**Q** 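Okay, here's the structure, questions in a sec.
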Amino acid sequence: MNLISEDADPSASYATARSAVANPAPNRVTFNRFELNRILNLYGRMVADGEWRDYAIDFLKDRAVFSVFRRASEMPIYRIEKDPRLARKQGMYSVISATGLILRRGHDLDRVLLVIDRKLVLV
């Protein structure tokens with residue numbers, strides 16, 4: 001038994017269902033492409049140095065969290081959070097250590113990530 005009539009276009013119903021799934025829920029905070037690219041570049045360098053091994057991304061109602069792990073079975077050693085509610089106050093980006101200490105908070109992601117971005121320095 002076919003539920004679609006002969007006059008209906010079957011791709012139209014598929015496109016409607018697909019667009020509903022492809023769009024994230026409008027009440028969730030996410031990282032945009034630039035932010036995610038900057039975070040993943042830092043993550044890639046730290047993995048190459050052997051310091052980090054795993055990550056997790058959580059898109060919550062009020063904030064987006066990128067967690068970094070030394071091992072997958074441990075607690076995250078760093079959490080990079082984006083909280084838009086703090087955009088006009090202390091800054092929406094923050095880096096939080098495993099103990100819950102806020103290492104740096106600010107309006108610019110690049111400047112906030114400098115606290116954990118160890119570049120080689122010639123002496």
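It should be emphasised that the depicted structure is a prediction, and the values quoted were computed from it without experimental measurement.
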**Q** Quick check against the 3.5 Å criterion: does N32 have a side-chain atom that pairs as donor or acceptor with the backbone of F34?
**A**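 Flag set: sc N32 to bb F34 pair under 3.5 Å.
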**Q** Could you note down all residue pairs passing ring-ring contact (aromatic ring centres under 6.0 Å, His included) where residues 74-115 supplies at least one of them, sequence neighbours left out?
**A** none
**Q** Could you report the tightest heavy-atom contact between S67 and R79, atom names first, then the distance?
**A**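 Looking at all heavy atoms of both residues, the closest pair is OG-CG, 3.8 Å.
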**Q** What pair of heavy atoms forms the shortest contact from K61 to V29, and how long is it?
**A** O-CG2, 3.5 Å
**Q** Just how far is it from atom CZ of R70 to atom CD of E51, taken to the nearest 0.5 Å?
**A**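 Result: 7.0 Å between the selected atoms.
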**Q** Does L40 share a hydrophobic cluster with V115, counting links as ILVMFWY side-chain heavy atoms below 4.5 Å and allowing steps through other members?
**A**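 Both belong to a single hydrophobic cluster.
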**Q** Mind listing the closest non-hydrogen atom pair of Y55 and F69 along with its distance?
**A**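 Smallest heavy-atom distance, with atoms named: CA-CD1, 4.0 Å.
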**Q** Kindly work out whether a path of hydrophobic side-chain contacts (I/L/V/M/F/W/Y, heavy atoms less than 4.5 Å apart) joins L114 to M92.
**A** no
**Q** Do I116 and V68 have side-chain heavy atoms sitting under 4.5 Å apart?
**A** no
**Q** Are R45 and D117 close enough that some pair of their side-chain heavy atoms sits under 4.5 Å apart?
**A** yes
**Q** So, for F59 and F31, which heavy atoms are closest and what is the spacing to 0.1 Å?
**A**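 Residues F59 and F31, closest heavy atoms: CE2-N, 3.7 Å.
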**Q** Are F66 and I77 in one and the same hydrophobic cluster, where Ile, Leu, Val, Met, Phe, Trp and Tyr link if side-chain heavy atoms are under 4.5 Å apart?
**A**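 In one cluster: yes.
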**Q** Ignoring hydrogens, what is the shortest heavy-atom contact between T30 and E35? Give both atom names and the distance.
**A** O-OE1, 4.1 Å
**Q** What I'd like to find out is whether the side chain of L86 reaches to under 4.5 Å of the side chain of R105, using heavy atoms alone.
**A** yes
**Q** Please say yes or no: joined through hydrophobic side-chain contacts below 4.5 Å, possibly via intermediate residues, are V65 and M46 part of one cluster?
**A**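 No, no single cluster joins them.
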**Q** Mind running side-chain contact (heavy atoms from CB on, under 4.5 Å) on I80 and V112 for me, showing each step along the way?
**A** CA-CA 9 Å; I80 302 165; V112 170; 6.0 Å; no
**Q** Kindly state each residue pair satisfying salt bridge (charged side-chain N to carboxylate O under 4.0 Å, His left out) with at least one member in residues 83-103, sequence neighbours excluded.
**A**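 Those involving residues 83-103 are D62-R85, D83-R85.
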**Q** Out of curiosity, L113 CG to N41 CG, how far, rounded to the nearest 0.5 Å?
**A**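 If I round to the nearest 0.5 Å, the distance is 10.5 Å.
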**Q** Considering all heavy atoms of both residues, which atom of R38 and which atom of D110 are nearest to each other, and what is their separation?
**A** NE-OD1, 2.7 Å
**Q** Connecting only ILVMFWY residues whose side-chain heavy atoms lie within less than 4.5 Å of each other, what is the rest of I96's hydrophobic cluster?
**A**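 Cluster partners of I96: I102.
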